[in-house]
Amino acid sequence: SGGLDSRALLGVAMNSDIDFSAHVLGEDEDPDVKVAHKIAGKEKLELAHYHHKSIESTSLDQLISDLYEYSAHTAAQTYASHSTKVGQLSLLHRDKGLFIDGGFGEIARRKLFNRLAIKGKKLLYEIEDFEDLYPYFKYERPGFFTSHTRELMYDGALKSIKNQLLSMPPIQKIGIDNFVDLLAIQTRIPNTYGREQARIDGAIPHYMPFIQPSFLRLVFNTSPKKRFNSKLFKKLVKMNRRSLSRYPLVQNGAYYSFR
């Protein structure tokens, strides 16, 4: 894609003896797709382009089945319509074999729980009421649950937040940045990334380098200052394949400079 995490992986692969090919998923006008094709063309890389599953050419029964299966695998954490986007992963298995992606690279870029680290910092250092921390963990979703169900979910969320924070090492010992990154690992991997990896594993053998304990140990031994503003990954790209720093990055459909 046009993201920094996949760019870092590509640099490592290009600087190795690994026999690999690249792939991109999306429509022709997608900025991620455009950047991927530009890089592949300039760097003379093999690139497989998989478009989203065509709704028009898929039966209604199959679409409904895909929606049910995708929602069940992801615990309704993302839009069910994404099943048309990720349904093509099985083609990768048919064509290649092992799928490697840059999921969870945010830890190495100090990108998660920033609002908690900045605005909730004082609350973390002097926890008096776990209810005060609830807004920093909450994700807004349509309110179609009954009031009783919402109360049960709220109580459960408070208990989960309390149990998780009480199990963490002292923030005074590891610092606010490592604290929130460790918190992200212990909460997001089992609740979000783990489900996604399990779903992808059902379609193709799948490996996420940035989620491996060996990599994460190296990250936590790196000063947060060197991780801020994606400094670590940008250095990794330039160290392995400087030419990859010449192409723009893409985030949320917008282009921005690699610098």
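Values below: all heavy atoms of this structure, side chains included; hydrogens, waters and symmetry mates excluded. Here the structure is a predicted model, which means the values were calculated and not measured.
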Contact between L232 and R110 at the side-chain level, heavy atoms closer than 4.5 Å - yes or no? no
Heavy-atom donor-acceptor pair, R109 side chain to L4 backbone, under 3.5 Å: no
Same apolar cluster (I L V M F W Y, side chains within < 4.5 Å links), F20/L98: yes
Is D181 salt-bridged to R227, going by a charged N under 4.0 Å from an acidic O? yes
With a 4.5 Å limit on heavy-atom distance, are the side chains of D28 and H51 in contact? yes
Heavy-atom check, side chain of V250 versus side chain of D30, under 4.5 Å: no
So F104 and D5, do their side chains get closer than 4.5 Å, heavy atoms only? no
Please report the interatomic distance OG1(T187) to CG(L182), rounded to the nearest 0.5 Å. 9.0 Å
CD1 of I127 to CG of L133, rounded to nearest 0.5 Å, is 5.5 Å
Residues E106, R188: salt bridge by 4.0 Å N-O rule: no
In the single-linkage hydrophobic clustering (I, L, V, M, F, W, Y; side-chain heavy atoms under 4.5 Å), do Y134 and L152 co-cluster? no
Do I18 and I100 sit in one hydrophobic cluster, given that two such residues count as connected whenever their side-chain heavy atoms are within less than 4.5 Å of each other, even indirectly? yes
Could you tell me whether the side chain of F130 reaches within less than 4.5 Å of the side chain of K159, counting heavy atoms only? no
Can you list every pair that meets side-chain hydrogen bond (donor to acceptor under 3.5 Å, both in side chains) and has a residue in residues 229-240, with sequence neighbours left out? N15-N240
Are V180 and L123 connected into the same hydrophobic cluster when the rule is that any two of I, L, V, M, F, W, Y join if their side-chain heavy atoms are below 4.5 Å apart? yes
Rounded to the nearest 0.5 Å, the CG atom of L249 sits from the CZ atom of F258 at a distance of 6.0 Å
All pairs passing ring-ring contact (aromatic ring centres under 6.0 Å, His included) where residues 211-241 contributes a residue, at least two apart: F210-F215, F210-F233
Quick check, are the ring centers of F113 and F179 under 6.0 angstrom apart? no
Can you tell me how far apart CG (L60) and OG (S65) are? Round to the nearest 0.5 Å. 11.0 Å
Given the rule in the side chain to side chain contact (heavy atoms under 4.5 Å, CB included) test, do R7 and V35 qualify, once you have shown the distances and angles that lead to the verdict? CA-CA 11 Å; R7 190 78 56 91; V35 169; 3.7 Å; yes
Considering only heavy atoms from C-beta outward, does the side chain of E43 approach that of Y247 to under 4.5 Å? yes
Polar side-chain atom of T222 near backbone of L218 as donor-acceptor pair, under 3.5 Å: yes
Taking C-beta and beyond as the side chain, do D32 and L25 meet within less than 4.5 Å on heavy atoms? no
Any non-hydrogen side-chain atom of I107 less than 4.5 Å from a side-chain atom of L112? yes
